[in-house]
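Below, all heavy atoms of this structure are taken into account, side chains as well, without hydrogens, waters or symmetry copies.
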Amino acid sequence: EYIKKKTDDGEKKKKTNDYRNAINEFSDKVKVENLNAKAVRKWGRDKVLEEGLQPTTIITKTQFLNDYLKFVAEDIEASWANILSPFPLKTKDLPRANNTNKDRKAWTMEEMKLIYQADTPQVKNKPELKDLMALGMIYGCRLEEFMQIEVSNIVYEENLRCIYIDKSKTDAYHPFGQRYLPVVDCLNPIIDRLIEGKQPEDFLIETSVTATKPDRGDNIGGSFNRHKHGLGFPRP
C-alpha cells in the first residue's frame with residue numbers, strides 16, 4: 001500500500017525502490033517490539049562501520065523510514081506506530097564519514113581500453129554494455145540519464161546532431177542537468193545502429209530486466225559492476 005501511494009503521488013520507480021530497500025534493510029535488523037531511538041542509532045552506526053555507507057546516506061534512509069512510520073500510523077492505523085518517531089538521526093549520532101573516496105583513482109587510457117574491449121560473460125550476455133561504456137567514457141553522464149534516452153532525444157540543435165538529456169536528478173533544484181550533448185564523429189555509427197528500426201518513443205539502449213531487478217538502470221549497472229570487478233577493478 002505504501003509503494004502504491006508513493007507511485008500515485010508521482011514518485012518515480014527508482015525512488016520507490018529506494019524507499020522499499022530502506023524499509024527492508026531496517027526491518028531485517030530491528031523488529032517492531034524493539035523499535036526505539038537506541039536501536040535506530042545502532043543500526044545506523046553498523047551501516048557506516050560494517051558496510052561502509054556514508055552518514056548522509058544513512059540519514060536519508062532514516063528519513064524514508066520516518067515517512068513510512070507516519071504512513072503506517074495514519075493510513076494503516078496500526079496502533080504500534082503511534083509513537084514518538086525514533087528515526088530523526090543527526091550526523092553527531094553516527095561515526096565520521098568513511099574515507100573510501102581517497103582510494104579511488106582515475107583509470108588510465110590502457111585500463112579504459114581493457115574495460116571497454118574485454119569480452120567478459122557480462123558483455124556477452126548484455127552486448128549493450130559496450131554501447132553504454134562508449135557513451136559513458138565520452139560524456140560522463142549518470143547511468144539513469146543514459147537509460148532514459150529515447151530515439152526522439154536524438155535531435156539537431158544549431159545544426160549539430162545531439163543527444164538531448166531532458167530529465168536529470170538536479171531537476172528538483174535547477175534545470176542545469178537538461179542539456180544537449182553533441183554527437184562526436186566516432187559515435188555516429190553507434191547512434192545510427194541504435195536507432196535503426198525503432199520508433200521515436202523507444203529507448204535508445206535496450207536491455208533486459210529480471211523479476212528481482214525490474215529497473216533497467218539497476219540491472220545493467222549491476223552487470224557493469226560485475227564486468228569491471230572481474231577485470232580487477234573492485235570498488236575500494
Side-chain angles (χ1 to χ4, degrees), residues 6-7 9-18 56-57 60 101 104-120 122-209 213-228 231 233 235:
K6 285 295 178 186
T7 302
D9 289 344
E11 292 281 13
K12 295 183 179 178
K13 192 169 187 178
K14 187 179 188 306
K15 188 67 172 287
T16 59
N17 282 340
D18 291 341
T56 52
T57 301
T60 298
N101 286 337
R104 297 186 180 186
K105 297 178 181 177
W107 286 327
T108 66
M109 184 59 71
E110 289 305 313
E111 289 170 337
M112 289 175 69
K113 286 180 181 177
L114 170 64
I115 289 167
Y116 180 69
Q117 294 172 351
D119 287 327
T120 62
Q122 290 74 33
V123 168
K124 290 177 181 177
N125 291 332
K126 287 183 180 289
E128 61 271 23
L129 260 177
K130 288 268 181 154
D131 299 324
L132 190 61
M133 285 188 276
L135 289 167
M137 288 177 176
I138 290 172
Y139 295 116
C141 295
R142 296 177 182 274
L143 175 62
E144 59 267 28
E145 289 178 328
F146 285 132
M147 298 312 294
Q148 76 188 359
I149 297 171
E150 298 178 353
V151 172
S152 61
N153 293 122
I154 306 301
V155 299
Y156 280 85
E157 178 71 10
E158 298 184 6
N159 293 322
L160 288 176
R161 195 186 198 192
C162 296
I163 301 170
Y164 176 49
I165 304 295
D166 63 347
K167 294 185 290 290
S168 172
K169 272 189 173 180
T170 66
D171 286 353
Y173 308 101
H174 54 69
F176 297 161
Q178 298 171 11
R179 59 208 187 274
Y180 293 91
L181 309 174
V183 178
V184 296
D185 289 343
C186 65
L187 278 185
N188 271 310
I190 295 176
I191 297 296
D192 290 341
R193 172 171 51 78
L194 290 173
I195 66 176
E196 185 177 1
K198 291 182 180 177
Q199 299 301 312
E201 65 275 11
D202 292 338
F203 287 116
L204 186 69
I205 297 176
E206 292 291 347
T207 190
S208 59
V209 296
K213 280 197 171 181
D215 184 274
R216 299 170 71 250
D218 282 351
N219 195 282
I220 200 166
S223 294
F224 177 69
N225 282 331
R226 290 189 293 276
H227 166 74
K228 68 182 181 68
L231 295 171
F233 299 98
R235 183 172 178 172

Which is it for T16 and E11 under the side chain to side chain donor-acceptor pair (under 3.5 Å) test, yes or no, and what are the steps along the way? CA-CA 7 Å; T16 59; E11 292 281 13; over 6 Å; no
What distance do I220 atom CD1 and H227 atom NE2 have between them, rounded to the nearest 0.5 Å? 11.0 Å
Considering only heavy atoms from C-beta outward, does the side chain of Q199 approach that of V151 to under 4.5 Å? no
Flag, side chain of Y139 to backbone of P182, donor-acceptor distance under 3.5 Å: yes
Is the number of heavy atoms from other residues, nucleotides or ligands within 6.0 Å of CG (D9) greater than 12? yes
Just how far is it from atom CG of L129 to atom CD1 of I115, taken to the nearest 0.5 Å? 12.0 Å
Could you tell me whether the side chain of S223 reaches within less than 4.5 Å of the side chain of E128, counting heavy atoms only? no
With a 6.0 Å cut-off (strictly less than), is the heavy-atom count around CD of E196, excluding the residue itself, greater than 12? no
Go through the structure and list residues passing side chain to side chain donor-acceptor pair (under 3.5 Å) with K6, not counting sequence neighbours. D67
Do K12 and D18 meet the salt-bridge criterion of a basic N to acidic O distance under 4.0 Å? no
Between the side chain of N219 and the main-chain N/O of R216, is any donor-acceptor distance below 3.5 Å? no
From E145 atom CD to D166 atom CG, the distance as rounded to the nearest 0.5 Å: 10.0 Å
Nearest 0.5 Å please: distance from the CG atom of L231 over to the OG1 atom of T120. 6.0 Å
Heavy-atom donor-acceptor pair, K126 side chain to S208 backbone, under 3.5 Å: yes
With a 3.5 Å distance limit and no angle check, can you tell me whether K198 reaches the backbone of L204 through a side-chain donor-acceptor pair? yes
Got a second to check how far K228's NZ is from Q122's CD, nearest 0.5 Å? 11.5 Å
Looking at residues at least two apart in the chain, or sitting in another chain, which of them share a side chain to side chain donor-acceptor pair (under 3.5 Å) with D131? R193
Might you work through the side chain to side chain contact (heavy atoms under 4.5 Å, CB included) test for L135 and L187, ending with a clear yes or no? CA-CA 8 Å; L135 289 167; L187 278 185; 3.8 Å; yes
To the nearest 0.5 Å, how far apart are CG in L143 and CD in Q148? 10.5 Å
Which donor-acceptor pairs under 3.5 Å do side chains of residues 157-165 form with protein atoms, sequence neighbours excluded?
unit_1, atom_1, unit_2, atom_2, d
R161, NH1, N188, OD1, 2.7
R161, NH1, D192, OD1, 3.0
R161, NH2, D192, OD1, 2.9

